[in-house]
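Each remark here refers to the structure printed beneath this line.
One-based numbering, in listed order, for ligands and for the atoms of each. Hydrogens, waters and symmetry mates are skipped; everything else that's a heavy atom, side chains included, is used.
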Amino acid sequence: MTSILVFSPDEPEALRYRQLLEAALPGAPIGSASTAKEARPFIADAEIIFGWKFPAGLLGQAASLRWIHKVSAGVEDVVSDPGRPASVRLSRSDGSVIAPRMSEYVLAAIYATNQKLMQAVHQQAGGLWRYYMVDRAAEKTVGIAGLGDIGSAIAAALHKNGMRVVGWRRSKAQPPNGVDRVYSGRAELRDFVSECDFVVSVLPSTEETKNVFDADVFAAMRPDAVFVNIGRGASVDEDALADAITNKRIGGAVLDVFKEEPLPASSLFWGLDRVIITPHVSGPIIPEDVVPFFIENFRRYRSGERLLKEVDLARGY
Ligand SMILES: NC(=O)c1ccc[n+]([C@@H]2O[C@H](COP(=O)([O-])OP(=O)(O)OC[C@H]3O[C@@H](n4cnc5c(N)ncnc54)[C@H](OP(=O)(O)O)[C@@H]3O)[C@@H](O)[C@H]2O)c1
């Protein structure tokens, strides 16, 4: 029988995953762990590791490992794990499952900015009644960097709400529904951001995306444009972003992801009043949402079919 190790550092979550897997795969040997120590009785026999936030060294101990399934859409930690045996396959959750929630986050960021809700909160704190003009989202151009499962679903949601959407991706693929124009490659990144009122990054963290949003790119943005990051902090030169905001070269930022999480107390972002910080909440992983996808992949794995959302390890996403 195919032996599965479920891992999450959050114990109730690990147990929930195990319960759901046991209900869907009766009789399959399934162990669960929340620490490297708890994983020890299962690790040598585990053919599949399911979960996320694996401790350093865990993958290297899995002598029978054939397949890792990550419950998150981001896989950079496993791709770069020196202990991951090269022949082991890696798949991940389908971003489309998380995309409706992430679309709501982006809509909230855009509407809160246009309706100047932060200004309202500040005025209210000071007991100040002062009129200001609000903006219409429907007149805005939003650029989505990363037009994969999540980015294209966000694009469709923004288009449905009347916004003009442009995109930036790695390939020259056809624009997804609702996207007016697609830019691709580093050479077109500045042109892409220069036409946007909002630039939303949903990029994965790879060698190629490291610090793509740098001082040059922020300099090419409009002075009132807002940068929204729900992809990964690794794609942003954070000093350059803080500098662009401080010196009013861009309008501000709504940031859900950072190079270092939790965001350290020393981060410049805490002190910037045109920045909204959220603690990596835009795409929560709900066990009941992601387990059915794994079960379908498990069926495919057992019958030798192509896995869904198998990661291209050379490309990194
Ligand atoms: N904040 C959160 O809670 C949260 C939750 C879920 C996911 N995420 C992040 O969102 C990322 C995207 O997820 P997804 O499911 O949409 O992934 P995906 O379907 O693999 O899409 C990735 C997109 O990024 C583009 N891309 C990759 N490398 C690029 C490069 N060097 N230059 C330009 N574009 C590049 C790809 O271009 P092509 O289309 O040309 O291949 C693709 O459009 C995840 O990797 C994760 O980091 C964050």
Task: Ligand-side contact atoms (ligand 1) for residue partner Arg92, heavy atom cut-off under 4.0 Å - done: 15 (O), 17 (O), 18 (P), 19 (O), 20 (O)
Open item on the list: Could you identify the single nearest non-hydrogen protein atom to atom 19 (O) of ligand 1 and state the distance to 0.1 Å?
Closed with: Asp149 N, 2.9 Å
TODO: Looking only at protein heavy atoms, identify the closest one to atom 26 (N) of ligand 1 and say how far it is in Å.
DONE: Leu203 CD2, 3.9 Å
- [ ] Can you pull out the closest protein heavy atom to atom 32 (N) of ligand 1? Residue, atom name and distance to 0.1 Å, please.
- [x] Trp168 CH2, 3.4 Å
- [ ] Please write down residue, atom name and distance for the protein heavy atom closest to atom 48 (C) of ligand 1.
- [x] Ile230 O, 3.1 Å
TODO: Take the angle between the ring planes of Trp168 and Phe192 and call it parallel below 30°, perpendicular above 60°, tilted in between.
DONE: parallel
Task: Residue and atom name of the nearest protein heavy atom (relative to atom 24 (O) of ligand 1), distance in Å to one decimal - done: Pro204 CD, 3.3 Å
Open item on the list: Students should be able to answer this: which protein heavy-atom is nearest to atom 37 (O) of ligand 1, and at what distance?
Closed with: Arg170 N, 3.2 Å
Open item on the list: Test your reading of the structure: does Glu208 have an N or O sitting under 3.5 Å from an N or O of ligand 1?
Closed with: yes
- [ ] Pick one of side chain, backbone, both or neither for how Arg232 approaches ligand 1, counting any non-hydrogen atom pair under 4.0 Å.
- [x] side chain
- [ ] Kindly confirm or rule out an N or O of Leu147 lying under 3.5 angstrom from an N or O of ligand 1.
- [x] yes
Open item on the list: Side chain or backbone, does Tyr317 bring an N or O within less than 3.5 Å of an N or O on ligand 1?
Closed with: yes
Task: Min side-chain heavy-atom separation Tyr183-Glu195 under 4.5 Å - done: yes
Open item on the list: Strictly below 4.0 Å, N to O, side chains only: are Arg299 and Glu305 in salt-bridge contact?
Closed with: yes
Task: Atom indices of ligand 1 within 4.0 angstrom of Thr209 heavy atoms, with elements - done: 28 (N), 29 (C), 30 (C), 31 (N)
- [ ] Run the contact test for Ser282 against ligand 1 with a 4.0 Å cut-off on heavy atoms, strictly below, and give the result.
- [x] yes
- [ ] Provide the number and element of each atom of ligand 1 under 4.0 Å from a heavy atom of Gly231.
- [x] 9 (C), 47 (O), 48 (C)
TODO: Using distance alone, decide if ligand 1 has a nitrogen or oxygen within less than 3.5 Å of any nitrogen or oxygen in Glu76.
DONE: no
TODO: Flag the pair Asp197 / Val226 as yes when at least one side-chain heavy-atom distance between them is below 4.5 Å, and no otherwise.
DONE: no
- [ ] Take atom NE2 of His159 as the centre, draw a 6.0 Å sphere, and report whether it contains more than 12 heavy atoms from other residues, nucleotides or ligands.
- [x] no
TODO: Could you grab the distance from atom CD1 of Ile68 to atom CG of Leu90, nearest 0.5 Å is fine?
DONE: 6.0 Å
- [ ] Show which atoms of ligand 1 fall inside a sub-4.0 Å distance from at least one heavy-atom site of Val202.
- [x] 10 (O), 11 (C), 12 (C)
Task: Within reach of ligand 1, part of Val257 (heavy-atom separation under 4.0 Å) - done: side chain
Open item on the list: Could you check whether any side-chain heavy atom of Glu288 comes within less than 4.5 Å of a side-chain heavy atom of Arg16, counting everything from C-beta outward?
Closed with: yes
TODO: Applying side-chain contact (heavy atoms from CB on, under 4.5 Å) between Phe227 and each of Val275, Val254, Leu255, report the one that passes.
DONE: Leu255
Open item on the list: Residue-level breakdown please: for Arg186 versus ligand 1, do any non-hydrogen atoms fall below 4.0 Å on the side chain, on the backbone, on both, or on neither?
Closed with: neither
Task: Protein contact of atom 42 (C) of ligand 1 - nearest heavy atom, named by residue and atom, plus distance - done: Gly148 N, 3.7 Å
Task: NZ/NE/NH1/NH2 to OD/OE distance under 4.0 Å, Asp191 and Arg181 - done: no
TODO: Any atoms of ligand 1 less than 4.0 Å from a non-hydrogen atom of His280? List them with their elements.
DONE: 1 (N), 2 (C), 3 (O)
Task: Over 12 foreign heavy atoms within 6.0 Å of CD, Glu296 - done: yes
- [ ] Check Lys210 against ligand 1 and report side chain, backbone, both or neither, counting heavy atoms closer than 4.0 Å.
- [x] neither
- [ ] Give the residue, atom name and distance (to 0.1 Å) of the protein heavy atom nearest atom 4 (C) of ligand 1.
- [x] Met102 CE, 3.3 Å
Open item on the list: With heavy-atom distances below 4.5 Å as the criterion, would you say the side chains of Ile230 and Val257 are in contact?
Closed with: no
TODO: Can you sort out which atoms of ligand 1 are near Asp256, meaning under 4.0 Å from one of its heavy atoms?
DONE: 1 (N)
TODO: Answer yes or no: does an N/O atom from Ser205 fall short of 3.5 Å to an N/O atom of ligand 1?
DONE: no
- [ ] Just do the side chain to side chain donor-acceptor pair (under 3.5 Å) check on Ser205 and Arg232 with the steps written out, would you?
- [x] CA-CA 6 Å; Ser205 169; Arg232 283 291 182 264; over 6 Å; no
Open item on the list: Hydrophobic clustering (ILVMFWY, side-chain heavy atoms < 4.5 Å, transitive) - are Leu107 and Val199 grouped together?
Closed with: no
Open item on the list: Can you confirm, on distance only, whether ligand 1 has an N/O atom lying under 3.5 Å from any N/O atom belonging to Ile150?
Closed with: yes
- [ ] Kindly assign one of parallel, tilted or perpendicular to the pair Phe298 and Phe294, based on the angle between their ring planes and the thresholds 30° and 60°.
- [x] tilted
Open item on the list: Any nitrogen or oxygen of Gly146, side chain or backbone, less than 3.5 Å from one on ligand 1?
Closed with: no
Open item on the list: Taking the basic N atoms (NZ, or NE/NH1/NH2) and the acidic carboxylate oxygens, is any pair closer than 4.0 Å for Lys172 and Glu188?
Closed with: yes
